[in-house]
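Let me begin by presenting the structure, written as structure tokens, before commenting on it.
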Amino acid sequence: PVTRSMTSSTASTGESDRPYVLAVTSHKGGTGRTTFACGLAWAWGQRGLTVALVDADPVRAAALVAGRDGVCPWPNVTLVVADRGVLRVGKGFDAIVIDAPPATEPLAQKVFAKADGVVVCSLADSLALTTLPAATRAVREARAANPDLDLLGIVVNLYSPADVAQARCLSLLRGAKGGLFVEPPVPARPEVRAWPLAPGSDLPDGPARAAVRTLSDTFRDTIAEAGWPQFARRHAVHA
């Protein structure tokens with residue numbers, strides 16, 4: 001399991017020397033989960049947060065996107081690869097962003113047991129309408145071991161607004177998940193699909209990057225409001 005030095009009561013007790021641990025998961029593969037986890041870590045680093053980006057998926061996709069010779073060159077972001085689900089992160093980070101396996105996999109439950117928050121990534125397709133409940137149920141079940149775990153929201157990736165079927169599914173998702181859907185959806189863009197071809201490069205400019213920036217600021221504000229002071233004081237904007 002992911003190890004951390006303090007209990008999840010840190011925020012409420014005013015101790016701010018441990019990072020906020022956020023797991024980015026999904027209801028299945030192919031949802032853009034890794035891209036969003038990497039984009040979130042990149043965006044938070046740009047805002048001045050010190051971030052450990054953890055690749056906890058056996059596929060090791062995050063390390064391929066963020067790493068250049070095993071090192072992440074993004075400002076304020078450090079790449080860490082979990083070894084068979086066991087992770088030890090050094091001190092000095094504001095946040096740990098974990099690219100976790102799909103929520104229903106046993107390894108994801110180990111990650112949830114040590115996380116403070118979870119973001120679920122999804123597609124706007126008919127399969128999401130039937131399989132997302134399994135992911136959100138897995139997060140709820142993880143609260144038995146970790147009562148302080150918060151589901152921060154559902155993010156839709158790879159969205160094509162011109163696709164009528166996707167637009168219809170997005171509308172249903174907006175109304176069906178009790179306000180968990182977080183705006184905006186991240187559009188499908190060829191430059192983002194090609195991002196892994198240039199390991200360690202910045203999140204490509206364009207509409208998808210703008211959406212990820214907006215979502216990263218929304219989650220940062222939510223975490224700050226929950227009592228994590230490092231998120232409230234980090235507002236520096238880098239180019």
Side-chain angles (χ1 to χ4, degrees), residues 22-85 87 89 93 95-103 105 107-108 111 119-125 127-128 154-163 166 170 182 184-217 219 237-239:
L22 177 65
V24 180
T25 187
S26 61
H27 60 106
K28 67 180 189 67
T31 64
R33 178 191 72 245
T34 295
T35 300
F36 184 74
C38 290
L40 180 64
W42 176 88
W44 277 354
Q46 294 286 309
R47 295 301 197 212
L49 289 161
T50 55
V51 182
L53 172 62
V54 175
D55 191 337
D57 192 328
V59 176
R60 297 286 181 261
L64 295 176
V65 174
R68 185 182 297 162
D69 297 325
V71 177
C72 180
W74 302 337
N76 302 314
V77 180
T78 299
L79 176 64
V80 181
V81 176
D83 181 17
R84 294 185 296 275
L87 166 69
V89 177
F93 293 103
I96 298 175
V97 176
I98 304 177
D99 180 27
E105 295 186 8
L107 184 56
V111 173
V119 170
V120 177
C121 291
S122 176
L123 301 177
D125 61 14
L127 183 61
I154 297 170
V155 169
V156 167
N157 291 315
L158 303 173
Y159 179 63
S160 299
D163 186 317
Q166 285 196 40
L170 182 63
V182 185
V186 181
R189 298 292 301 175
E191 64 270 17
V192 176
R193 285 197 296 271
W195 192 19
L197 300 179
S201 61
D202 288 341
L203 178 62
D205 197 8
R209 182 161 90 172
V212 170
R213 278 194 184 276
T214 297
L215 290 162
S216 72
D217 287 345
F219 290 132
V237 180
H238 296 263

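Residue numbers count from 1 along this sequence.
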Rounded to the nearest 0.5 Å, what separation is found between the [atom1] atom of [X] and the [atom2] atom of [Y]?
{"X": "W195", "Y": "L64", "atom1": "CH2", "atom2": "CG", "value": "12.5 Å"}
{"X": "S122", "Y": "L158", "atom1": "OG", "atom2": "CG", "value": "10.0 Å"}
{"X": "E191", "Y": "L197", "atom1": "CD", "atom2": "CG", "value": "12.5 Å"}
{"X": "D217", "Y": "L40", "atom1": "CG", "atom2": "CG", "value": "10.0 Å"}
{"X": "R33", "Y": "L123", "atom1": "CZ", "atom2": "CG", "value": "11.5 Å"}
{"X": "T78", "Y": "I96", "atom1": "OG1", "atom2": "CD1", "value": "10.5 Å"}

Side chains of T31 and N157 only: does a donor on one sit below 3.5 Å from an acceptor on the other?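 Absent: no donor and acceptor within the cut-off.
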Got a sec, which residues hit side chain to side chain donor-acceptor pair (under 3.5 Å) with D205, two or more places apart in sequence or on another chain?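 For D205 the side chain to side chain donor-acceptor pair (under 3.5 Å) partners, ignoring immediate neighbours, are R209.
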What I'd like to find out is whether the side chain of [X] reaches to under 4.5 Å of the side chain of [Y], using heavy atoms alone.
{"X": "L107", "Y": "P58", "result": "yes"}
{"X": "R193", "Y": "P204", "result": "no"}
{"X": "V119", "Y": "L22", "result": "yes"}
{"X": "F93", "Y": "V80", "result": "no"}

Angle class for the F36/F219 ring planes (parallel below 30°, perpendicular above 60°, tilted otherwise)?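 Rings of F36 and F219: perpendicular, over 60°.
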Donor-acceptor contact below 3.5 Å, side chain W42 vs main chain D202: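 No, W42 side chain to D202 backbone: no donor-acceptor pair under 3.5 Å.
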Might you work through the side chain to side chain contact (heavy atoms under 4.5 Å, CB included) test for L53 and C38, ending with a clear yes or no? CA-CA 7 Å; L53 172 62; C38 290; 4.0 Å; yes
